Amino acid sequence: MITRFEDFLGTRLEGLFKRAFPRPLEPGDLAKALYRHMLRQRLKSIKYVYAPNFYLLRMNPRDYQGFASYQQALVRELADYLEKKARERNLHLLTPLEIKLDYDPQVPQGKIAVFGRLQEGLDSAANHEQGIEEMDTLVYHQGGAIQKKDTVYYSWLVEVVEGVDKGQSFPLVKSRNLIGRQATAEISLLDPSVSRHHAQIEVLPHQVLLTDLGSTNGTYCQGKPVDTVLLSPGDRFQVGNSTLELQENGYD
């Protein structure tokens, strides 16, 4: 009886110690978290079972700091590992894996928040930038479209209408535009409630596609949380404490 009590007490104390002093994350922890998420997010089609090909891993800044010095090499290793696991499970990838690491003080130390998404690649991304990809009556042109018949050019911009960045405008100059606190984001916001990689805007011929990237505070459209939603000119959406509006950026 005493031995069992000692074992029980030792187990409880060990658990309390681990919670109070969590060990630093290791690369293997990231790999396991990615693999578990890949299996949970499988998507069955007619011919294939697809696996997400975009992943965002968020962790406490202290954990993130441990990987910062070799982040690019680590991401390549994680992609190789996950691609191997996908082959073993006969899972199909639409494009090569894309993995990003990010930090968030709201994630407890020793924990990992994983967001995964299945996204089709833009095989002609370079052509999008040059405006030379031809479709029946349209070609893409720097964030908007060219109507070949009438030679009408138009593009998009996003304006911050509420929040600390109110009045700022951001032309959508790429096929995919990152919204976040990161300084290099195409739509870089100072709002502290916005995640570094918060959401993404993908330019389509007559609309744009807004996708949440697993942000801490979510992305909202018309007051409702959204994962992915199509936006038309004049539509407003919220990231953090900021409200943004999609606008047509005039005509050339």
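If you're wondering where the values come from, they're calculated on a predicted model, not measured in any experiment.
- Using a cutoff of 4.0 Å between basic side-chain nitrogens and carboxylate oxygens, Arg23 and Asp29 are scored as salt-bridged.
- Open room surrounds CD on Gln65; 12 or fewer heavy atoms of other groups in view lie less than 6.0 Å from it.
- Within 6.0 Å of CD on Glu88 lie more than 12 heavy atoms contributed by other residues, nucleotides or ligands.
- Put simply, Leu25 and Leu56 are part of two different groups of oily side chains (I, L, V, M, F, W, Y) that touch within less than 4.5 Å, one to the next.
- Nearest heavy-atom pair, Val203 versus Lys174, reported as atom, atom and distance to 0.1 Å: CG2-O, 3.5 Å.
- The closest donor-acceptor contact from the side chain of Ser215 to the backbone of Ser195 lies at 3.5 Å or more, if one exists at all.
- Here the shortest heavy-atom pairing between Cys221 and Gln238 reads N-OE1, 4.1 Å.
- Between Leu57 and the choices Asp102, Val107, Leu101, the side-chain contact (heavy atoms from CB on, under 4.5 Å) rule is met once, by Leu101.
- How far CZ of Arg87 is from NZ of Lys84: 8.0 Å, rounded to the nearest 0.5 Å.
- Of all heavy-atom pairs spanning Glu159 and Ser169, the tightest one is CG-OG, 3.7 Å.
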Legend entry - Residues Arg89, Tyr35; criterion side chain to side chain donor-acceptor pair (under 3.5 Å); working and verdict: CA-CA 11 Å; Arg89 300 297 294 261; Tyr35 182 52; 3.1 Å; yes
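- Neither side chain, Arg76 nor Tyr81, offers a donor N or O lying under 3.5 Å from an acceptor on the other.
- Annotation: the span from Trp156 atom CH2 to Leu172 atom CG amounts to 9.0 Å, rounded to 0.5 Å.
- Distance check, rounded to the nearest 0.5 Å: CG of Leu209 to CZ of Arg176 gives 9.5 Å.
- Side-chain contact between Glu245 and Asp235 is absent, with no heavy atoms from C-beta onward closer than 4.5 Å.
- Of the possible donor and acceptor atoms, none in the side chain of Tyr70 sits under 3.5 Å from a partner among the backbone N and O of Phe67.
- Side-chain contact between Glu162 and Lys166 is absent, with no heavy-atom pair separated by less than 4.5 Å.
- With Asn53 contributing its side chain and Leu93 its backbone, the two residues share no donor-acceptor pair below 3.5 Å.
- Annotation for Asp227: atom CG does not count as buried by contact number, only 12 or fewer foreign heavy atoms lying within 6.0 Å.
- Note: Ser232 OG to Glu248 CD = 9.5 Å, rounded to the nearest 0.5 Å.
- A 4.5 Å side-chain heavy-atom check between Leu82 and Met38 finds at least one atom pair inside the cut-off.
- No single ILVMFWY cluster, assembled from side-chain heavy atoms under 4.5 Å apart, contains both Leu94 and Ile99.
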Inset, instruction - Verify side-chain contact (heavy atoms from CB on, under 4.5 Å) between Phe115 and Arg58, making sure each step is shown before the conclusion. - result: CA-CA 8 Å; Phe115 171 81; Arg58 310 183 72 181; over 6 Å; no
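- For Ser193 against His198, the heavy-atom pair with the smallest separation is O-CE1, 4.3 Å.
- Checking Leu210, Val158, Leu213, Asp212 one by one against Ile179, the side-chain contact (heavy atoms from CB on, under 4.5 Å) holds for a single residue, Leu210.
- With a 4.5 Å cut-off on side-chain heavy atoms, Ile112 and Leu34 do not count as touching.
- Proximity of Val161 to Arg236: side-chain heavy atoms (C-beta onward) are separated by under 4.5 Å at one or more points.
- A distance of 10.5 Å separates CD1 of Ile187 from CD of Gln200, quoted to the nearest 0.5 Å.
- In this structure, CD on Glu77 lies 12.5 Å from CD on Gln72, to the nearest 0.5 angstrom.
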Inset, instruction - Check step by step if side-chain contact (heavy atoms from CB on, under 4.5 Å) holds for Asn177 and Glu202. - result: CA-CA 6 Å; Asn177 301 264; Glu202 184 175 347; over 6 Å; no
Inset, instruction - Output, in order, the C-alpha distance, side-chain angles, deciding distance and verdict of side-chain contact (heavy atoms from CB on, under 4.5 Å) for Leu178 and His197. - result: CA-CA 7 Å; Leu178 175 65; His197 298 89; 3.5 Å; yes
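- Here the closest heavy-atom approach between residue Ser45 and residue Tyr50 is recorded as CB-CE1, 3.4 Å.
- At least one side-chain heavy atom of Ile201 sits under 4.5 Å from a side-chain heavy atom of Phe237.
- Here the side chains of Pro105 and Pro61 are in contact, with some heavy-atom distance below 4.5 Å.
- Of the possible polar contacts, none joining the Asp165 side chain to the Leu189 backbone as a donor-acceptor pair under 3.5 Å is found.
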Inset, instruction - Would you check, one step at a time, whether the test side-chain contact (heavy atoms from CB on, under 4.5 Å) holds for Leu157 with Leu246? - result: CA-CA 6 Å; Leu157 67 80; Leu246 176 67; over 6 Å; no
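- Across all non-hydrogen atoms, the minimal contact from Asp63 to Pro24 is OD1-CA, 3.9 Å.
- The closest side-chain heavy-atom distance from Tyr48 to Leu43 is not below 4.5 Å.
- Connection of Val114 to Leu118 is not established within any shared hydrophobic cluster, with ILVMFWY side chains joined at heavy-atom distances below 4.5 Å, either directly or through further cluster members.
- Residue Tyr103 places its OH atom among 12 or fewer non-hydrogen atoms of other residues, nucleotides or ligands, all under 6.0 Å distant.
- A salt bridge links Glu98 to Lys100: at least one charged side-chain nitrogen sits closer than 4.0 Å to a carboxylate oxygen.
- With no hydrogens or angles considered, no side-chain donor-acceptor pair links Thr228 and Arg117 at under 3.5 Å.
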